[in-house]
Amino acid sequence: MSGDEKKPKPETLTGNVHAGPGGAMTDEVGVVTGDLTVATIRESGDRARIAVQYTGADEWYTLTGSPAAVPPDGLEALHAEVLRSVERGGGAVSP
């Protein structure tokens, strides 16, 4: 591959959610609360990195426990599980 060719972008799913009481735990800043955007990004193999940000912000934070194993049901199932978990709150972490 020459330097001019672009690598394909990894498969990424994003969604917005309002974090429940106790929010979501991140590695960088601890608990984040309020309106959040969650990104589930497929990495090599059957792993996915999960990042969260305050909706509309520039900074992304790693959801504690990420990367996570992609279940047999696929990346969409993992993403939906993470969104539900963050919506419940309680210091949500990666499954």
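In this text the structure is predicted, and so the values were computed from the model without any measurement. Positions are given from 1 along the sequence.
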Exercise. Would you mind reporting whether S94 and V82 have side-chain heavy atoms less than 4.5 Å apart?
Key: no

Quiz item: Partners of A24 by side-chain contact (heavy atoms from CB on, under 4.5 Å), sequence neighbours excluded?
Solution: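 Testing A24 for side-chain contact (heavy atoms from CB on, under 4.5 Å), a comparison that skips the adjacent residues, returns V32, L36, L63, V86, A92.
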
Running the 4.5 Å side-chain criterion over Ile, Leu, Val, Met, Phe, Trp and Tyr, what cluster does [X] land in, apart from itself?
| X | value |
| --- | --- |
| I41 | none |
| M25 | V31, V93 |
| W60 | none |

Self-check item: Contact list for residues 64-89, test salt bridge (Lys or Arg N to Asp or Glu O under 4.0 Å), sequence neighbours left out
Solution: none

Self-check item: Pairs touching residues 47-60 that satisfy salt bridge (Lys or Arg N to Asp or Glu O under 4.0 Å), sequence neighbours left out
Solution: E43-R49

Quiz item: Between T14 and A39, what is the shortest heavy-atom contact and its length?
Solution: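 Here T14 and A39 meet closest at CG2-CB, 3.8 Å.
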
Quiz prompt | Pairs flagged by side chain to side chain donor-acceptor pair (under 3.5 Å) wherever residues 15-39 is involved - sequence neighbours left out | solution =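 Found N16-T37, H18-D35, D27-T64, E28-T62, T37-T55.
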
Exercise. Look up atom NE2 in H79 and atom CG in L13, then write down how far apart they are to the nearest 0.5 Å.
Key: 5.5 Å

Quiz item: When rounded to the nearest 0.5 angstrom, what distance separates CG in L78 from CD1 in I50?
Solution: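 If I round to the nearest 0.5 Å, the distance is 4.5 Å.
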
